Amino acid sequence: MMTLDISFSKAPSKNADAAVVCFYKGKEPSAPVASLNYEVKGFVDHVLGKNKSFNGGFGQVEIMMLPEEAPYSYVIFLGCGDKDKVDNIKSEQLGGKLVAALDGRNIESIEFFVDNDLDGAAVKAVQIASGVALRAYKFERYKSDDKNNKEDEPEKKNLEKAHFVLFDTTVAEELFKDKASVLEGVFLARDLVNDPPNALYPDAYAKRIKDQLKPLGVDVEILDEKKMKKLGMGALLAVGQGSDNPPRIVIMRWRGDKTSSAAPLAFVGKGVTFDTGGISLKPGLGMEEMKMDMGGSAAVVGLIKALAGRKAKANVIGVVGLVENMPSSKAYRPADIITSYSGKTIEVLNTDAEGRLVLADALSYVQDVYKPNLVIDLATLTGAMVIALGHEYCGTFSSDDDLWAQLEHAGKDTGEALWRMPLDKVWKEEMEGTITDVQNMAKGGAATGAGACTAAGFLWQFIEEGTVWAHMDIAGTAWIKKDKDVVPKYGTGFGVRVLERFVSQNYERT
Ligand code: BES
Ligand code: MN
Ligand code: ZN
C-alpha cells in the first residue's frame, strides 16, 4: 500500500516542513524561486548567495533551515542540471534523489514548487512525484516501533506527505491516478519479494494474491496439488515434492476489454518461494537471498494489480507457479526422470535448475488453455544472468523482433532497462536429452557456458510453434543490495513498470 500522501494544487499550502525549489546548472533559478523567495522574505536569495557547495548540478540537494518568520522550517534546493535535458526519466530520478537526501532528516512533509516553464510540466511533476514515492518505499512490517529509535537520537520520522504546486493540476491529478495504480503494483511486488519464506510459502502466497486482486475485479483461480496431479504437471510437482509446503499455481484473469474477442496477453512468473537448491544443495553463504526467487511471480502479480487498479482496457492472464525447493527424503533427485504437462520427459541432472521446470509446466499450461496472443515470462532463472549483465539490465530473450522492439521501447520509457540476449537453436538443442526428450542441464555440461542462454533454450522447448514469446531473466534486477535513485535496496518490483507500459503502449484500447 502507498503510505506516502501525494497531492497537487495551484497555490502553495504553506503547510509543510520544507519547501523544495529547483535550480539549473550555474544556480539558474527555476520560475517559482522568485515567488518562494517572496514568501520567505528574501531568504532564498540570501542562502543561495552564501552557499558554496550548491551550483544546481543534476541531483544536488541542499537542505537549509529558515528563520522563524518563514512559513516553512526548511528550504530545499534541488539541482536539476541542464534545463533542456530534464526529461521524464530524469524527473523521476530527481524525485528519488530528493528523497534519498531527506533520509534521517525527520522531514515529514514537503511542498514542491514545480517549474511551470518546463515542457510538459504536469507530466514532469507526476514523474517527480513517482520518483519520490518509489524511493520513499519502506519495508517495515517486521520492525517493532521502539526498535527504530536509539537513545540520544530524536524519534525517527519518515516522509509522509509530498505536495506539488503547479498550474496544470487538472492534468497532473488525472495522470497521477493511473500512476498511483502502477506504484501500488510495484509496492506489492516489492513487499512480496521482501517477505520471508516462512510467511510467504506457496499456499499463503496464493491466498495473498486472492486477497489483493479479487477486490479489483480480477478472477483468481488456485490450482492445488491434487488438480496439478490430475493435469499432469510432473515438472512443477517434482520441484515441490521435497517440501511440506505444497505447491500452487495461481491463474489471474483481468478482462478489462470485454468487447474484444482477441486472444489475451499472458504473463508467466517463476515463484520459487525459497530455493535451497534441493538435493543439489546451494552453499550456505548468501542462501538467505533465495527468498527472492519468486521475483518473477511477484512482478506478474504486481502487473495485474497495476492494470486492474486503473481498469486497463486490455485482456490479460497471469500465471504463477508457486513452489518451495527443499531437500528431504521426499525430494526429487538428480537422475530422476519426470514427465511434464506438455508430455515431454525431462531428466533432472541438477535439482537447483528448478525454475525452468516450474516454468515449463506453467508455460505449457497457459498456451494450451488460453491460446494467448503472446507470452512473456519473468524469472530469477540463472546466476549466469547476474554475471552477464549485473543489476542494471534485464536480459531478455525473444523469438519475435516486433515484440522485442515493443519491450525495449517500454524499457527506455520507464527506466527499467532491458537488453536483448541471443535465442539460438544451438542452445535449444543443447537441452535435448540423452535418454529423455530434454534434460534440465546442457548436454555439454558447464563447458557449454552461456548459462542464461541454455536456460532460455530449455524454456524454448516448451514454446509451441507460432507462439510469440519473450523470456526475461530478472535474476540480477529483482533484488539489489545497494540503493538506486528510484529503487531502494532489496526487492525491486522489477518488471511491473516496464510491462505495465508495454501493455498500455501496444495492447490497450483507448
Ligand atoms: N534461483 C537460481 C538463480 C539465481 C541465482 C537467481 C542468483 C538469483 C541470483 C536458480 O534456480 C539456480 O539455482 N540456477 C542455477 C542453474 C544451474 C544449476 C544450471 C544457477 O544459476 O547456478
Ligand atoms: Mn535453483
Ligand atoms: Zn531458483
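None of the values given here were measured: they were computed from a predicted structure. Every number for a ligand or one of its atoms is a count from 1 in the order of the listing.
- The local environment of NZ in K344 is crowded, with over 12 non-hydrogen atoms from other residues, nucleotides or ligands closer than 6.0 Å.
- Considering just the N/O/S atoms of D275, the one nearest the Mn ion (ligand 2) carries the name OD2.
- With contacts defined as side-chain heavy-atom distances shorter than 4.5 Å, the pair M472/L499 qualifies.
- The two residues K291 and P197 come nearest to each other via the heavy atoms CB-CD, 3.7 Å.
- Between R356 and ligand 1, no pair of N/O atoms sits closer than 3.5 Å.
- The shortest N/O to N/O separation between G383 and ligand 1 falls below 3.5 Å.
- In terms of protein heavy-atom proximity, atom 19 (C) of ligand 1 is nearest to M441 SD, 3.3 Å.
- Here the protein heavy atom with the shortest distance to atom 2 (C) of ligand 1 is D275 OD2, 3.6 Å.
- Looking at I317 and R253, their side chains come closer than 4.5 Å, going by heavy atoms from C-beta outward.
- Inclusion of T382 in the set of residues having an N or O under 3.5 Å from an N or O of ligand 1 is not warranted.
- Between S243 and V323, every side-chain heavy-atom pair lies at or beyond the 4.5 Å cut-off.
- Here the two rings, on Y507 and F502, have centers that are under 6.0 Å apart.
- Using a 4.5 Å heavy-atom threshold, the side chains of Y137 and T492 count as separate.
- With the Zn ion (ligand 3) as the vertex, OD2 of D293 and OE2 of E354 span 100° to the nearest 10°.
- As for E354, its N/O/S atom nearest the Mn ion (ligand 2) is the one called OE1.
- The heavy atom nearest to atom 10 (C) of ligand 1, out of those in N325, V358, T454, L381, is found in L381.
- Atom CG of D211 sits in a crowded spot, with more than 12 heavy atoms from other residues, nucleotides or ligands closer than 6.0 Å.
- For the pair OD2 of D275 and NZ of K270, the angle whose vertex sits at the Zn ion (ligand 3) is 180° to 10 degrees.
- With ligand atoms numbered from 1 in the order given, ligand 1 contributes 11 (O) to contacts under 4.0 Å with heavy atoms of E354.
- Summary of contacts: the protein heavy atom closest to atom 12 (C) of ligand 1 is D352 O, 3.2 Å.
- Here the heavy atom of the protein found nearest to atom 7 (C) of ligand 1 is M290 CE, 3.6 Å.
- With a 6.0 Å radius and a threshold of 12 heavy atoms from other residues, nucleotides or ligands, Y370 has its OH atom above the threshold.
- At least one heavy atom of K270 lies less than 4.0 angstrom from ligand 1.
- Under 4.0 Å is where a charged nitrogen must lie from a carboxylate oxygen, and between D203 and K207 at least one such pair does.
- A cation-pi arrangement is absent between K85 and F58, since the terminal nitrogen or guanidinium carbon is not both under 6.0 Å from the aromatic centre and inside a 45° cone about the axis.
- When the heavy atoms of I387, I474, T380, V272 are ranked by distance to atom 6 (C) of ligand 1, first place goes to T380.
- For the pair N350 and ligand 1, the shortest N or O to N or O distance does not fall below 3.5 Å.
- Atom 14 (N) of ligand 1 is flagged as protein-proximal [any protein heavy atom, distance under 4.0 Å].
- More than 12 heavy atoms of other residues, nucleotides or ligands lie within 6.0 Å of CZ in F139, so this atom counts as buried by the packing criterion.
- Near A475, with a cut-off below 4.0 Å to any heavy atom, the atoms of ligand 1 are 6 (C), 8 (C).
- For residue D293, no N/O/S atom approaches the Mn ion (ligand 2) to within less than 2.8 Å.
- Ligand 1 lies less than 4.0 angstrom from a heavy atom belonging to M292.
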